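Everything below concerns the one structure shown next.
Values reported hereafter were calculated over all heavy atoms of this structure, with side chains retained and with hydrogens, waters and symmetry mates removed. On a predicted model such as this, the values are computed, not experimentally measured, just so you know.
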Protein chains: 6
Amino acid sequence: MNNPLKRRFAQKQKATLSWLLIPSAFTAESMAQTGFDGLIVDMQHGVQDYQSMVACFQALHAHPVARLARVPANEAGIIGKTLDAGAHGIICPMIGSEAEAEALVRAAKYPPRGTRSNGPVRAGLYTYGPSSYQATANDETLVIAMIETKQGVDNIDDILAVPGIDSIYVGPTDLGFSMGLPPILDREEPEILAIYAHLLKRSAAAGVVAGIHVATPAYARRMLDMGFLWTSIGADVAYMTAAAKVAAAC
Amino acid sequence: MNNPLKRRFAQKQKATLSWLLIPSAFTAESMAQTGFDGLIVDMQHGVQDYQSMVACFQALHAHPVARLARVPANEAGIIGKTLDAGAHGIICPMIGSEAEAEALVRAAKYPPRGTRSNGPVRAGLYTYGPSSYQATANDETLVIAMIETKQGVDNIDDILAVPGIDSIYVGPTDLGFSMGLPPILDREEPEILAIYAHLLKRSAAAGVVAGIHVATPAYARRMLDMGFLWTSIGADVAYMTAAAKVAAAC
Amino acid sequence: MNNPLKRRFAQKQKATLSWLLIPSAFTAESMAQTGFDGLIVDMQHGVQDYQSMVACFQALHAHPVARLARVPANEAGIIGKTLDAGAHGIICPMIGSEAEAEALVRAAKYPPRGTRSNGPVRAGLYTYGPSSYQATANDETLVIAMIETKQGVDNIDDILAVPGIDSIYVGPTDLGFSMGLPPILDREEPEILAIYAHLLKRSAAAGVVAGIHVATPAYARRMLDMGFLWTSIGADVAYMTAAAKVAAAC
Amino acid sequence: MNNPLKRRFAQKQKATLSWLLIPSAFTAESMAQTGFDGLIVDMQHGVQDYQSMVACFQALHAHPVARLARVPANEAGIIGKTLDAGAHGIICPMIGSEAEAEALVRAAKYPPRGTRSNGPVRAGLYTYGPSSYQATANDETLVIAMIETKQGVDNIDDILAVPGIDSIYVGPTDLGFSMGLPPILDREEPEILAIYAHLLKRSAAAGVVAGIHVATPAYARRMLDMGFLWTSIGADVAYMTAAAKVAAAC
Amino acid sequence: MNNPLKRRFAQKQKATLSWLLIPSAFTAESMAQTGFDGLIVDMQHGVQDYQSMVACFQALHAHPVARLARVPANEAGIIGKTLDAGAHGIICPMIGSEAEAEALVRAAKYPPRGTRSNGPVRAGLYTYGPSSYQATANDETLVIAMIETKQGVDNIDDILAVPGIDSIYVGPTDLGFSMGLPPILDREEPEILAIYAHLLKRSAAAGVVAGIHVATPAYARRMLDMGFLWTSIGADVAYMTAAAKVAAAC
Amino acid sequence: MNNPLKRRFAQKQKATLSWLLIPSAFTAESMAQTGFDGLIVDMQHGVQDYQSMVACFQALHAHPVARLARVPANEAGIIGKTLDAGAHGIICPMIGSEAEAEALVRAAKYPPRGTRSNGPVRAGLYTYGPSSYQATANDETLVIAMIETKQGVDNIDDILAVPGIDSIYVGPTDLGFSMGLPPILDREEPEILAIYAHLLKRSAAAGVVAGIHVATPAYARRMLDMGFLWTSIGADVAYMTAAAKVAAAC
């Protein structure tokens, strides 16, 4: 397996990721050398689009870090383009039902599992060895469904049952929002923590990995202890401004 | 006076600046809200060129922060373009002689003081009030000469005597390099600190402001106490990677 | 209320907007100083996409002009990205039914009214004061439905009844096209003017603002007199070529 | 008729096209002078998006070559933007049913045939002569449906019956994929060749042109002999790497 | 002769040019259709650099308009790159002496007249016919020296005597500036008009064309009547804002 | 030694390079996998500038190919920026004298050998191991002087004597041009071949490597046999168009 994050998941090794919101190959390659196991180009909420994602992926390529991207919506067009650009994994926001999870997997996988169209223009450049990219892509690429609405929680078993979903990934701000709570991270509400426990239990039962987005390393450790196999912590621009504010206040 | 940094200097108010090395308007506007008095687009060592500087300046415009840029070399073409793009100030590297300082000022000032060509394409957009940009630009724009070689130190009085040099600015890594020392910041060598004291004394005598680049807030405070009116601390990408490494090591 | 255009609408003040079709922050900031109350980045028919819209918004930010964008289609992904980028308002083309209007509002509003996902990457940078962006966004952002088909006219009452539609906006060329007439602006056909009168009457009854796109200031004044609260006149590239042709013909 | 490729098709003249996968106006204008009858900007699998397509179209404009683009999905938003940008033709992937073909045509044609929205921002710049762009666009623009799934083959008669489909276009790799075969070009499997013959027979009966993508000139000639009116051969980046490998191996 | 402007000059036909300050191929191609004989990409004062100039030239290529560029300074590197990019002519600012004029011509001409380096990467793409680009470039390309300082006026005969200077071009704002006058266009000062007359007389005697930049068509006509063979009027962004202000004030 | 090309040169291993004229990271990474030992971003004659060079270098980074760039002129500003961007080597055109060679080396080397300013923004990211970039850069980076004028040939011994010139590199088209011959590659004129022999003899005597640019593999082999240690063959865009023309002529 060439996907470094999928390999970690297969070996039940914990992982820490972060987000790339800045549309810059230079910040991407700089973040690639800070120690994260994977970096996620955020085309949903980041200042990113397809071309800036390609530039970030090109800059990440020299480094042993997994390349992921979050698509802005569950649409086959951009999912295919993201994988063709060489993503190790796709993160899709707002998965709320079996149908949505199935659509995601179908868009991300070649036949016979899915309907992804052939043409791995960058991805295919980087398949070394005897197997072609197309022969191994369905096994190599990660498909990650964000659970971040009450609906997603309610339908979690149906979602987890869709073949090809490698991991669920909790989005705490939207999850809170959908339940009438403020959109914050690193939550302490008992009903939210109960949901996290429920999601961990059901995903474990289904043999699916679970991850969660957090704001701080301390909360990340707590979530790993709770049973999540991976977390994402912060984002490029958040790291920059947090440290800059400290210096500017000197 | 509309130049917020020149106004601070005129009032002997201390200032803290930082550097923009990332070619991104998004990081520029994010840095603009972290509390610095000024931000410097680095076309010499940053991943910046003329177009990325314009984008950064456009993004900085909404914020009460001074916009400066360092040019890659002491050339009239890029100095004029930088001012036309709306810079509050020009920083020129490696000023080593009176002739170089004079060339810098001539490139940065309209006649009769200099030979800057007319055409303030962005700068002129933003001159509100009864006076035109061209009538006030020579008074408004800051011209800052980097002293970062042994030659520059040796010729400091001649450089300070050039009318139109608003500030000298010490570059500790190149200064060390030119003296056979390693290219580090926040230096402790007595001979270097003696040079700093000498530069402060001579610039004070000449009525010219002095600034210095530092790595840490603690050293910045020390330099301000020593007599520098302003410091620049760190850079966008350095803040980002420093904070990200802490999180990734969780 | 921080949205300058929504404030005007709330106070029943007339407004004049225009369009940004050129993918350039420089033309955006130049247009921002010509006197319009708002400028609309056109991702449907202009040479604009997400990244050029961000650049235009960054350049507009220093100026007291409302920032709007027209999305290419009624899709939640791009609507969310546009608002995250700091739009004061969204214009959606071709709204023809209550379901389409409802989908538009749901994509544009946070829970509980809608399903917009949390992550206001640029928008959140610019919320000064005690309230957070997420707490006020549903009240601040404008949602504008284009009525530009026979279907939209037929279903106008259903569309106006959707909570969250702040304004309708007439697109005369497409409206004519859908009725078998040529795609022109500043129309004189009695049946079209009767439709305008009908739309004004129904929107007034529903307490919804009405706007219209026009080609000339004279027709704009006529439409304001007829009852439209706002107009958009022309576009950046149209102004440029019209004036250039006059000069070139000298 | 101003569309050079539609004119060729009307006169039953064979045509050879190729693909632009590189997001560069410079490679586009270079390819434009190599002798192809048309060039296709690939927004589905190429490293292309809307803005890079516009740049390629601008560079192609000086040359007597047809400008086409493949959209990433059958969505009205991007189809309209592509035509507004001045495309002579739209290629839509994965057309599998009459409904999909009808949606494609409706998105690509102005009323009354379709629902394309008015605003041909670049396309309208280039209509010389007495007729306006809008009056002739429905006749001038090519709509090309890719047949590249088993479903598309099964529904070929329904697809061909949709008024406004100018040509079908066979995608051999996806077609093979959908039938459980490897995704290769220039296929020799008898069942595939039988499908080609069937598609040629049905399209001829329907009066619709047929094209196919191939890897080599030799296979292109064979397909033209078999009855296809046009082929596309290779792609910019493929030509570059093939020739470079030969030289590098010297 | 393939250079449309040099052909006009050779035939003593008057010409009207304008400026491209906006870094956009879309505004360039739009300006190309407004009726000017030539358009000048301004890398000195416009928001333009090498890459935006290339994009503008690519967009201009489809139109029968001469492509020129003003370089930011009299440097061989950028002069060569501009010609390699396909410029019909080079405009160099601030020519004040025979040595500067000679340096300009040497940078712009291949051996034996000059020292331009071979490698016409775009320019060479567009040489149709039996002669190669390199064989005809020295005859085809226009070299235009701006006379816009007192020094340039004083040395006009020496400058005009340099073989290869095709035209002088008066910059009224800088000329005024260098004489202690405000930097305005369309000047009425008798001493300035006397300079214009002198420049026209000396250039006519030397067989060199003369042009001048103006703000209005009326002044352009006056200058043509006075003896200038060509004028440039206004600029893209100036046309846009002038017309937009009129509409916004409705 | 981490520079793969300098290591080859040290071991007297032959090398084959090629040129990147297309401003695209995608073509750069594609060329990186075709088998060349090094790739040269051409900022002199290619459609390249600083930012496109950075993008190409980022894309090359994942591949075991040396990264070089040719600067447009012998200027310290761009030489420093190129090395800061991570170049393994600098190629400077038109070196004609000892003074020019010395200026080149001084711009490319840190003190004490030269005056390169400290700030290796990308280059410093990639120094693994115990030594810092600044400590090894003077030894690692290649400085290559193009000999492509009669003057350069005449002064070859003086040029070769400048410490820090790693290789000379013959530019046949400009060399021919400067001698009154047409600007062609793969030359057969006896006087040119005699110059090549002379350059090989003198550079061997000086212990300096010699390379040459050629058009075809056959001529490359001939030059290697003649004594050149390395050649560059063709360029990205040339490979693309050559192969495309063959296919289009099918």
For the student: nearest non-hydrogen atoms of Pro23(E) and Ser24(C), plus distance: CD-OG, 4.5 Å
Per-residue contact mode, [X] against chain C (heavy atom under 4.5 angstrom):
X         : answer
Ile233(E) : side chain
Ala247(E) : both
Ala249(E) : neither
Thr27(E)  : both

Could you tell me if the side chain of Thr241(E) sits less than 4.5 Å from the side chain of Met240(C), heavy atoms only? no
Residues in residues 36-50 of chain C that sit under 4.5 Å from chain E, counting heavy atoms only: Phe36(C), Val47(C)
As an exercise, state the distance from CZ of Phe26(E) to CG of Asp236(C), rounded to the nearest 0.5 Å. 7.5 Å
